[in-house]
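Everything on this sheet refers to the single structure shown next.
The figures that follow rest on heavy atoms only: side chains count, while hydrogens, waters and symmetry mates do not. On a predicted model such as this, the values are computed, not experimentally measured, just so you know.
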Amino acid sequence: MIWYIYQTNCTKRLKVQDDRNDSQALHNVCNWLYLDKTAIEYHDLENVKIISYGELKATKEKISSHLKCIECPEFIGIDFDISECCVLSLMLGILDSGHAFFNVPTDPLAYTDILASTNAKYIFTKSATPKKEIVHQFDIHGQSIYLTKLIDVQKNINNKKWYHFAYAIATSGSTGAPKIIKVPHLCILPNITDLKKILDVTNSDKIAQLTNFTFDPSIIEIFLSLCCAATLFMVSKALKNEAVRLLEEIFYARVTVLQITPSLLFHRWSTKHLKTTILGKDSELRILFLGGEPFPSMKLLLEVSHPRNATRLFNIYGITEISCWSSIKEIVKNNVDEPCLGEPLAETVFQIRNEDNEVIIRGDGTLYIGSATRICIVGDETEEDLNKPVFRDTGDIVSADDHHRIFYRGRRNNIVKRFGSKVNLRELERVTTELNFVRNCATFWDAESHKLYLCLSTRDTKEDFSKLRGDITSHLKILPAIYKPDKIIIVEHFNFTTSGKICQASLKEMCRNSETEVINVNDLHINANEIFENLWNNHIKSKDAGFLMAGGTSIAALQMANAAAQAFNIEFPELIGMLLRDFTFDKCVNYIKSILINRDCGKTVGRSIDMSLNDGLPKKIFTEDCVAKPSQKNLPLLSNEKHSYQWYKCRGKIYGDAEENIKSLLEKNISSVEVLATYNLQKCVDASPTIYRYSATELYATVASHSGIICTANLLNTDSAPYEIKLPDRIEASVLALTDFRGVVGCYDGYIYCIHLKTGDIIWKFQTQDMVKCTAITCMQGSKIFVGSYDFYVYCLSTEDGSQVWKTKASQGGICATGCLHQQSTSVLFGTLDGSCLALQQSSGRVTWKRKLQNPVFVAPVVLRTGYALFCSVAGTLCCFDIETDCQMWRYVIHGNVFSYPVIWTPESTSDEYVILASHNKNLYYLEVPQRTIEENEPKLKYMLQLQSPIFATPWCEDGCMFVACTDGIFKVFDLLEGKLLATKQLSGETFSSPVIHNDLAILGCRDNNMYVLKLS
């Protein structure tokens, strides 16, 4: 099938030599045994034109004989102005003469691309122009059509192998930038023969040809009909624009096979018209196959079908890069099961690959389609570029179940990051279409404004939008809050591409044109009211009550604060705290106005840093290539009688019984970071891993995920299989490592579990009254643990059997942050979500000290070497307390939300002490802490590191290096002594998990469902 023809040798007529049987050419599958039978039934607004197989055969032979004068194999274009009924004869004539065809796109840029890719010199057209030389005039089915040669076309001198191509076509761009695809006969032929058999097509069928010629399913419609000697139902461009008339023509012409996109089917025609015509009880439509877009809901299909309709439904799937279809599945009516993609068609292989490009047989991943024979040439590829079998990336996210069924989950580029979480736009569309009044819908994610739009058309355009909005908002509550759209737009009509898909460019324009939220300084108060009111209404039922009383949640508070910061281009650090303290709409909007007024008056607010705190010090703000030099001090908190070597590391801290047994052998000249191993935990890994050692030959890392899976990996042998345990609900807490592979962790189901990390045995479990996101810590002796719950209580439990030693209600706020031992007062410190900071006696749980910050506390307190306790609120206020004298020593404000735990750094051989604090405002602060002997009573900002992404994870600081994981998935290593960025590693998902370092290994979790073990080189 492959030609080895070089254009430089085209001085004489070259015969095409095919290594295989001529029947394997696309044009040779046509059935010419019934010359009197109707081949084409062409409908326009006025007439119906009938073209027999005899006339079609004679016309294609006439065209072929003239084209044989073109000596070398060429791609010959067919202009879009040519009547549809003439296109088939031109296609067949071009193929019969040994050439290949392409249909000229209406887009000038696409036309230029396809000319350049195919080196085309000849075009069939109805109208000649000065840039085209007329070679011959044809009379084709009563119309004058010219074969023209392009003038001033550069001659192709590339000695590239030519394939036995059938046609060239441009992709729609849905799998990336539009590409030109050259399609060999052997790639498209299996589709024709497969579908003929599967659909049982015969010469009695009438197949609709409604697809644009620049979309490759049109090839299937045409040649499926011709190979069976069936009749091809074709329509003019004018008739295609008359939706109701077109449907009636299809119905009354008794079309039996129809291929269409779901958007066109449900948007072009009403339920009533479908139910009384092609999907009615008297319809002769035998086959309806839907492709090019996700298969619609069965509920919608049943609504538009008469109960006695007998049409068979098929879900068909494929990509242009392996033209045309790759799988098909018959969908049984009234079957409530989710439709799968079905079995691959002949000479086609499916692969699902995870983020590490590993082939998986179960779970979520990207679908690749491969073949050893169905191989198209994409762009500038050559045969030498390709190793068979060739696999093409579909760009589609799919999932495979235990029965190896593959289900479509959406486009990879339709999974977007919103407020730090992944949102699958396809899932939002799917749930929206469950509403009875929704006819069609599409989502648009505006990355620039960070806004999510939901556009939909309704069955009854007269319905009240305000009522519909309420129904939609209520229905969407079955999805996580992160899916709530910023704006819902009701549209009368969607615009479609030539492929029959919803046009994304017009969708973008529609959404952006709908925006009136433009901030004008002169109308500041009005705009602040309007914008924040929209935010409030999208999350809260009423403005008459406080945020919490009206149904607000911590997730909604974070979303609203982030959205407000992006809308006004300024941080509102107090806003989250105000919302979680149940402030009303009026109080919140007044706060926003005050920040905006201060900004316009030149005051330092929001993202600005008040550098006046550094008077008398060198003022430096370092970029990522220039940063300060912190250090790490080991914090001996855990002792264990069974294993003297036991220690563990987690979220910025080291817990152990002897410094020499904990100290890492970290190399300082790190220049690269490579992935050593990954462990898939099925869902997001937001929890921070724990590294622990029982002996010199045992080093492990344990982490849990949203799936409830707890994974334990041997870091000294990453090739060995990990140990996995599954709890019944989501886990965000880190695992506390105890002796003998016992681990303690809280779960969203409200239980605190003690489990064996290898066997999975539940040693004990303790029930609280709400979810547990707090990581447990032990007392100095290791016999008791302290852990908080969202039920407002701090619990002290026995590590031996989980029995309750005491419990104390800490405040009116849940507890998500880890506690901290205060050795000087034998107490344990906790911060809560209502802003309470407290110390409880380890032995009794009695509250010995308590203060209240204005905003919630999401991060663990830390203790300085002086015994002072540091608490940090979510608004970025860092407070230092002497809890024994109940005195506030100092206060420092960074004007940015804080979810990252403060890290204490004490350089070796010095008495200096520093606090490293990372913020959601993309900055990382390096603060020098005052000592008792110094009169100054507040920290000094020594350096500030400006990053490109918010930081939720807690940095790790050790031996003059700092390791930071940003939410955009970039892991960064800094040399703090020289102030340079040493190395980076981009992970494939967002990162909320805090890295832990030991020797040359870095371990952290990622929202791509994996725990990563990184090698520091």
Side-chain angles (χ1 to χ4, degrees), residues 634-659 661-664 679 681 685 687-705 709-716 722-725 727 731-747 752-766 772 774-787 797-802 818-821 860 901 954 956 993-999 1001-1005 1011 1013:
N634 299 323
L635 302 174
L637 295 178
L638 181 65
S639 174
N640 190 282
E641 296 177 3
K642 290 188 177 182
H643 297 278
S644 59
Y645 288 108
Q646 186 185 19
W647 50 258
Y648 72 94
K649 300 179 175 183
C650 184
R651 202 153 188 178
K653 282 187 177 183
I654 304 174
Y655 305 81
D657 61 352
E659 183 171 328
N661 294 325
I662 303 169
K663 189 171 179 64
S664 178
Y679 301 92
L681 278 76
V685 184
S688 298
T690 303
I691 295 181
Y692 49 99
R693 164 170 279 171
Y694 291 134
S695 70
T697 60
E698 294 180 297
L699 182 66
Y700 295 91
T702 296
V703 76
S705 83
I709 292 175
I710 302 172
C711 174
T712 299
N714 185 343
L715 297 181
L716 300 182
Y723 303 99
E724 286 193 0
I725 305 155
L727 294 185
I731 305 173
E732 287 187 9
S734 297
V735 177
L736 167 65
L738 300 176
T739 59
D740 299 326
F741 284 98
R742 290 183 300 154
V744 174
V745 68
C747 184
I752 299 161
Y753 291 87
C754 179
I755 51 181
H756 194 286
L757 296 174
K758 283 190 174 181
T759 66
D761 293 337
I762 296 178
I763 300 166
W764 55 257
K765 65 179 183 177
F766 179 88
V772 181
C774 175
T775 299
I777 59 170
T778 68
C779 66
M780 288 294 295
Q781 294 74 30
S783 60
K784 295 179 292 189
I785 65 165
F786 307 105
V787 62
L797 307 177
S798 165
T799 57
E800 188 66 27
D801 58 10
T818 306
C820 176
L821 297 185
Y901 287 16
T954 301
W956 187 272
S993 174
S994 303
V996 184
I997 313 300
H998 186 73
N999 293 343
L1001 300 179
I1003 293 84
L1004 73 162
M1011 176 176 77
V1013 179

So, do I654 and W956 sit near enough that their side-chain heavy atoms are less than 4.5 Å apart? yes

Donor-acceptor contact present, side-chain T775 to main-chain T818, <3.5 Å: no

What are the two closest non-hydrogen atoms of T702 and Y692, and how far apart are they? OG1-OH, 2.8 Å

Does some side-chain heavy atom of W647 sit less than 4.5 Å from a side-chain heavy atom of I691? yes

When you compare the side chain of Y679 with that of V685, does any pair of heavy atoms fall below 4.5 Å? no

What's the separation between atom SG in C747 and atom CD in E732, rounded to the nearest 0.5 Å? 10.5 Å

Exercise: identify the closest heavy-atom pair between A704 and I731: CB-CG2, 3.4 Å

So do the side chains of L715 and H998 get within less than 4.5 Å of each other, counting heavy atoms only? no

Would you mind reporting whether K653 and C820 have side-chain heavy atoms less than 4.5 Å apart? yes

Give, for atom NZ of K758 and atom CD1 of I725, the distance between the pair rounded to the nearest 0.5 Å. 11.5 Å

Any donor-acceptor pair under 3.5 Å linking the side chain of N999 with the backbone of L1001? no

Side-chain heavy atoms of L736 within contact of T690, under 4.5 Å: no

Nearest heavy-atom pair of A713 and P722: which atoms, and what distance? CA-CB, 4.5 Å

Exercise: do S783 and T799 side chains pair donor with acceptor under 3.5 Å: no

So do the side chains of L757 and V735 get within less than 4.5 Å of each other, counting heavy atoms only? yes

Search all heavy atoms of I785 against all heavy atoms of W764 and return the closest pair with its distance. CD1-CH2, 4.1 Å

Run the side-chain contact (heavy atoms from CB on, under 4.5 Å) check on L797 and V744 step by step: do they pass? CA-CA 11 Å; L797 307 177; V744 174; over 6 Å; no

Check: K649 side chain, I997 main-chain N or O, donor-acceptor pair, under 3.5 Å: yes

Look only at the side chain of T954 and the backbone of G652, and say whether a donor-acceptor pair between them is shorter than 3.5 Å. no

Scanning both residues in full, the closest heavy-atom pair of I763 with R742 reads CD1-CG, 3.3 Å

Polar side-chain atom of S688 near backbone of S734 as donor-acceptor pair, under 3.5 Å: no

Can a donor-acceptor pair be found, under 3.5 Å and without considering hydrogens, that links the side chain of T778 to the backbone of K784? no

Before we go on, tell me: are the rings of Y700 and F741 under 6.0 Å apart, centre to centre? yes

With a 3.5 Å distance limit and no angle check, can you tell me whether S994 reaches the backbone of R651 through a side-chain donor-acceptor pair? no

Taking all non-hydrogen atoms of both residues, which atom of Y648 and which atom of A737 are closest, and how far apart? CD2-O, 4.1 Å

Got a second to check how far I1003's CD1 is from S993's OG, nearest 0.5 Å? 10.5 Å

